[in-house]
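One structure is given here, and the rest of the page talks about it.
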Amino acid sequence: MNAGEIDRLRGAALEEAADAGDASALEQVRVRYLGRKGRLPEIMKGLKALPAEERAAAGRAANAFKRDVSAAIDERRTALTAGGSVRRETADLTLPGAWRELGRRHPVSMIMEEAIQVFGTLGFTVADGPDVETAYHNFEALNTPAHHPSLDEQDTFWLETGELLRTQTSPVQIRVMENRQPPVRIITPGRCYRRDTTDATHSANFHQIEGLAVDRRLSLADLKGVLAYFARKTMGPRTAVRFRPHFFPFTEPSVECDFSCHICGGSGCRVCKQSGWIEIAGAGVVDPRVFEKVGYDPELYSGYAFGMGVERIAMVKYGIPDIRMLYENDIRFLEQFG
Ligand code: PHE
């Protein structure tokens, strides 16, 4: 083949390479022109047979053939691969969408939200206070004397500053009353801390919902009505409430409030330990000494307060046997709620 014939063949090869529709067609082009038994070795062999004056030009044409056809095949291969990956990335709009699971509300949050809603219908608004409290707000202003056992190192997390992690939500009562005049009607859902050893019913970190109402002529009867309403709204319309005498430094009289067991209806079962009742809240009529601390006139105003354990309510309402299940973040447990 002389230079002209080689150039024509080069043109044909370049066209075929550019037209190759997929990788295997392109490979066939490569084998046909550049392969061991293809046209290029044939051209090379043919050079020797050419007359001397044509050989140099044919040699240059052969080199150009090899260079250009290789380059064209490489280029086409890249284009085919890129085209392939574009095809792979193209969305198939007929496929069903990727499904992602939504998070759910935690049972503790559910109880708090429900309480906010139920007490909200009775005119209570939500108040908040700090987790790190002063001893004054957590104890002293709540008429809790310095020798009271709850001030003990064994019972409370004290900080080096002399502050503490609040052991109850009751200090928010004080903060609210320090800052506004009656009438007051607040609830305070929040975190509390005690130096309890963790077991099935105790946790060093738990939640309470505090309630406080102050007005003229409020009494224990109002407290009973409010807690009974809450009990029926959250545990079912047949729920009964029972009040037992108790003691808290900041209420007088003080009571503990039990709800009738919603599982057995009061006849006795495992959840209520055969008693028919479940202890839910501490409560009472605000002690006049607390009013004196915040500058309310105890002759003019009276009020009631209550504090309930959120985990406890969640456990009885949803039949959760161990408080630790609420904190382990086990999805298999949590996805049953919310
Ligand atoms: N703060 C008390 C406790 O943690 C509960 C309580 C609140 C009692 C309000 C009376 C009034 O045990």
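Both ligands and their constituent atoms are indexed starting at 1 by order of listing.
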Please state which part of H246 comes within less than 4.0 Å of ligand 1, counting heavy atoms only: side chain, backbone, both or neither.
-> neither
Please report the closest heavy-atom contact between L142 and P171, naming both atoms and the distance.
-> CD1-N, 3.8 Å
Non-hydrogen atoms of Q208 versus ligand 1: any pair closer than 4.0 Å?
-> yes
May I ask you to check whether T251 has an N/O atom sitting below 3.5 Å from an N/O atom of ligand 1?
-> no
Answer yes or no: is there an ion pair linking R194 with D196, defined by an N-O contact shorter than 4.0 Å?
-> no
For atom 2 (C) of ligand 1, what's the nearest protein heavy atom and its distance?
-> Q168 OE1, 3.7 Å
Proximal ligand 1 atoms for S170, defined as those under 4.0 Å from one of its heavy atoms = 1 (N), 7 (C)
Hey, are K45 and E42 close enough for a salt bridge, meaning a charged N less than 4.0 Å from a carboxylate O?
-> no
Could you list which atoms of ligand 1 come closer than 4.0 Å to a heavy atom of F306?
-> 7 (C), 9 (C), 11 (C)
Distance filter under 4.0 Å to A305 heavy atoms, resulting ligand 1 atoms | 9 (C), 11 (C)
Would you say Y301 and I186 are hydrophobically clustered, going by side-chain heavy atoms of ILVMFWY under 4.5 Å?
-> yes
At the 4.0 Å heavy-atom cut-off, does F250 count as touching ligand 1?
-> yes
Protein residue, atom and distance nearest to atom 6 (C) of ligand 1, heavy-atom basis | G282 O, 3.7 Å
Ring centers of Y327, F333 separated by less than 6.0 Å | no
Of all protein heavy atoms, the one nearest atom 12 (O) of ligand 1 is F248 CE2, 3.6 Å
Ligand-side contact atoms (ligand 1) for residue partner G307, heavy atom cut-off under 4.0 Å | 6 (C), 7 (C), 9 (C)
Charged N to carboxylate O under 4.0 angstrom, E311 versus R324?
-> no
Is the centre of the F119 ring less than 6.0 Å from the centre of the F230 ring?
-> yes
Contact atoms of ligand 1, heavy-atom distance to A283 under 4.0 Å | 8 (C), 10 (C), 11 (C)
State whether the number of non-hydrogen atoms from other residues, nucleotides or ligands found under 6.0 Å of R238 atom CZ is greater than 12.
-> no
